[in-house]
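Notes for the one structure printed next.
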Amino acid sequence: MPPYISAFQAAYIGIEVLIALVSVPGNVLVIWAVKVNQALRDATFYFIVSLAVADVAVGALVIPLAILINIGPQTYFHTCLMVACPVLILTQSSILALLAIAVDRYLRVKIPLRYKTVVTQRRAAVAIAGCWILSLVVGLTPMFGWNNLSEIEQAWAANGSVGEPVIKCEFEKVISMEYMVYFNFFVWVLPPLLLMVLIYLEVFYLIRKQLNKKVSASSGDPQKYYGKELKIAKSLALILFLFALSWLPLHILNCITLFCPTCQKPSILIYIAIFLTHGNSAMNPIVYAFRIHKFRVTFLKIWNDYFRCQPKPTIDDDLPEEKADD
């Protein structure tokens, strides 16, 4: 007999499905835009594609698995553990992609003349591959033993049962809070976020410093270059801010679970924190559309060419300098 689904669970499932229906097409559109527009093919946008791939996976994989966990099926311990690990992998991939984007923007303003020789497509691809490999290692660490199996086995044996424990699949039942707080949050989430804040502060400082300089007639147009960089940096810093705003509440709740086991956490706060983490995957395409001109133009071209059947002239690979709305 299928499990009973309460009205509250039905509402939860409905919101999750809505998030997925926004996240998957939106981020597929981001990937599509980079594919069709040559002007978007540089290191920054490759890292944005990596971030979009992770967000597509959140909508297509993590959200369905979260709905499954919410229903609470009876599964073997390691089956439940495999269901819980993808969100850890994809979260870490997003953080490392955001860090790579921040470093890329720093190099653009720190060494503008040597940037294209330092940050090549090959090096960007290696960096992206390294981010995903590291994300797999961090996210799959619970599968290697840092989990709650020993506690579950003790309770399983105490009931006179044998074999691998069968449990009601819940995230906190299989994932160790020590892993989530000490390793995941304190090592792989919080330090990269703080480092990115410092990097963007330095980026804004360097740009303001250059914009305040007097420009000689023979120096080209550095004001235009750094003005463009400032606008893009603001947009990407907004992406970082939204990511931190979306993920920190859930990690704070994890800290409360670990350090104050007797503290009561209202269910509504837990659900809001979960919605924020999943909803973050749908936010980035909206930011790109409103803040980054090249994306906005390409999104409109894709819409006209493939959905309205009103093709416009091919996007010029040499679009004017990047624009972003303040």
Side-chain angles (χ1 to χ4, degrees), residues 1-17 19-20 57-92 135-186 188-189 247 249-278:
M1 188 175 74
Y4 170 75
I5 298 177
S6 67
F8 188 81
Q9 283 180 309
Y12 165 80
I13 292 170
I15 294 172
E16 288 281 38
V17 169
I19 293 172
V58 169
L61 177 64
V62 170
I63 288 179
L65 293 178
I67 292 172
L68 181 65
I69 289 178
N70 183 260
I71 295 172
Q74 296 288 326
T75 67
Y76 288 113
F77 179 89
H78 283 95
T79 302
C80 185
L81 195 59
M82 285 190 290
V83 169
C85 282
V87 67
L88 302 174
I89 297 169
L90 296 172
T91 304
Q92 195 57 52
S135 299
L136 285 168
V137 172
V138 173
L140 291 177
T141 295
M143 293 294 296
F144 304 143
W146 198 346
N147 53 54
N148 292 334
L149 180 59
S150 59
E151 293 88 340
I152 298 294
E153 282 181 331
Q154 288 175 7
W156 184 252
N159 291 330
S161 304
V162 294
E164 182 175 358
V166 175
I167 60 171
K168 181 180 179 182
C169 188
E170 296 174 351
F171 186 86
E172 290 186 11
K173 191 168 286 186
V174 294
I175 300 293
S176 164
M177 276 299 114
E178 285 82 3
Y179 161 83
M180 286 302 301
V181 174
Y182 293 128
F183 185 69
N184 189 279
F185 184 45
F186 287 169
W188 292 105
V189 174
W247 279 96
L250 188 60
H251 282 289
I252 291 170
L253 289 175
N254 288 338
C255 291
I256 293 172
T257 300
L258 179 64
F259 299 126
C260 184
T262 59
C263 294
Q264 294 295 318
K265 297 179 296 182
S267 296
I268 188 65
L269 288 183
I270 297 173
Y271 278 104
I272 289 173
I274 292 172
F275 288 143
L276 282 173
T277 61
H278 294 167

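All values below were derived from every heavy atom in this structure, side-chain atoms included, with hydrogens, water molecules and symmetry-related copies excluded. As the structure is a computational prediction, the values presented were derived from the model and not from experiment. Numbering starts at 1 and runs along the sequence shown.
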Could you measure the distance from the CD1 atom of Ile63 to the CD1 atom of Ile15? Nearest 0.5 Å is fine.
11.5 Å

Do you know which two heavy atoms are closest between Pro266 and Gln264, and how far apart they sit?
CD-O, 3.6 Å

side-chain contact (heavy atoms from CB on, under 4.5 Å) between Ile69 and Val83, intermediate numbers included
CA-CA 8 Å; Ile69 289 178; Val83 169; 3.6 Å; yes

Using atom types as modelled and distance alone, determine if a side-chain donor or acceptor of Asn148 lies under 3.5 Å from a backbone N or O of Lys173.
yes

The side chain to side chain contact (heavy atoms under 4.5 Å, CB included) partners of Phe259 (sequence neighbours excluded) come to Val181, Tyr182, Phe186, Cys255

Pairs meeting criterion ring-ring contact (aromatic ring centres under 6.0 Å, His included) with involvement of residues 153-181, two or more places apart:
Trp146-Tyr179, Tyr179-Phe183

Just verifying a value: how many Å separate Leu136 CG and Thr141 OG1, rounded to the nearest 0.5 Å?
10.5 Å

Side chains of Glu16 and Ile274: does their closest heavy-atom pair fall under 4.5 Å?
yes

Between Asn147 (side chain only) and Leu149 (backbone N and O only), is there a donor and an acceptor less than 3.5 Å apart?
yes

For Pro64 and Gly59, which heavy atoms make the closest approach, and how far apart are they?
CD-O, 3.5 Å

Hey, what do you get for CG (Asn70) to OG (Ser6), rounding to the nearest 0.5 Å?
7.5 Å

For Val137, enumerate each residue passing the side chain to side chain contact (heavy atoms under 4.5 Å, CB included) test, keeping only those at least two apart in sequence or located in another chain.
none

With sequence neighbours excluded, residues passing ring pair (Phe, Tyr, Trp, His ring centres under 6.0 Å) with Tyr271:
Phe8, Tyr12

Which residues pass the side chain to side chain contact (heavy atoms under 4.5 Å, CB included) test with Met143, not counting sequence neighbours?
Leu81, Met82, Cys85, Leu140

All salt bridge (charged side-chain N to carboxylate O under 4.0 Å, His left out) counterparts of Glu172, not counting sequence neighbours:
Lys265

Side-chain atoms of residues 162-169: list all donor-acceptor pairs with protein atoms under 3.5 Å, sequence neighbours left out, distances to 0.1 Å.
residue, atom, partner, partner atom, Å
Glu164, OE2, His78, N, 2.9
Glu164, OE2, His78, ND1, 2.9

Applying side chain to side chain donor-acceptor pair (under 3.5 Å), can you list everything that pairs with Glu153, at least two apart in sequence or on another chain?
none

Ile252 meets the side chain to side chain contact (heavy atoms under 4.5 Å, CB included) criterion, sequence neighbours left out, with Ile256

Please report the interatomic distance CE(Met177) to CG(Asn254), rounded to the nearest 0.5 Å.
4.0 Å

Can you list the residues that meet the ring pair (Phe, Tyr, Trp, His ring centres under 6.0 Å) rule with Phe185, with sequence neighbours excluded?
His251

Please round to the nearest 0.5 Å and tell me the distance separating atom CG of Leu65 and atom SG of Cys80.
10.0 Å

Distance-only, no hydrogens or angles: does the Thr91 side chain make a donor-acceptor pair with backbone N or O of Leu88 under 3.5 Å?
no

Taking all atoms of both residues into account, what is the closest heavy-atom pair of Gly139 and Ile89, and its distance?
CA-CG1, 3.7 Å

Heavy-atom check, side chain of Pro249 versus side chain of Leu276, under 4.5 Å
yes

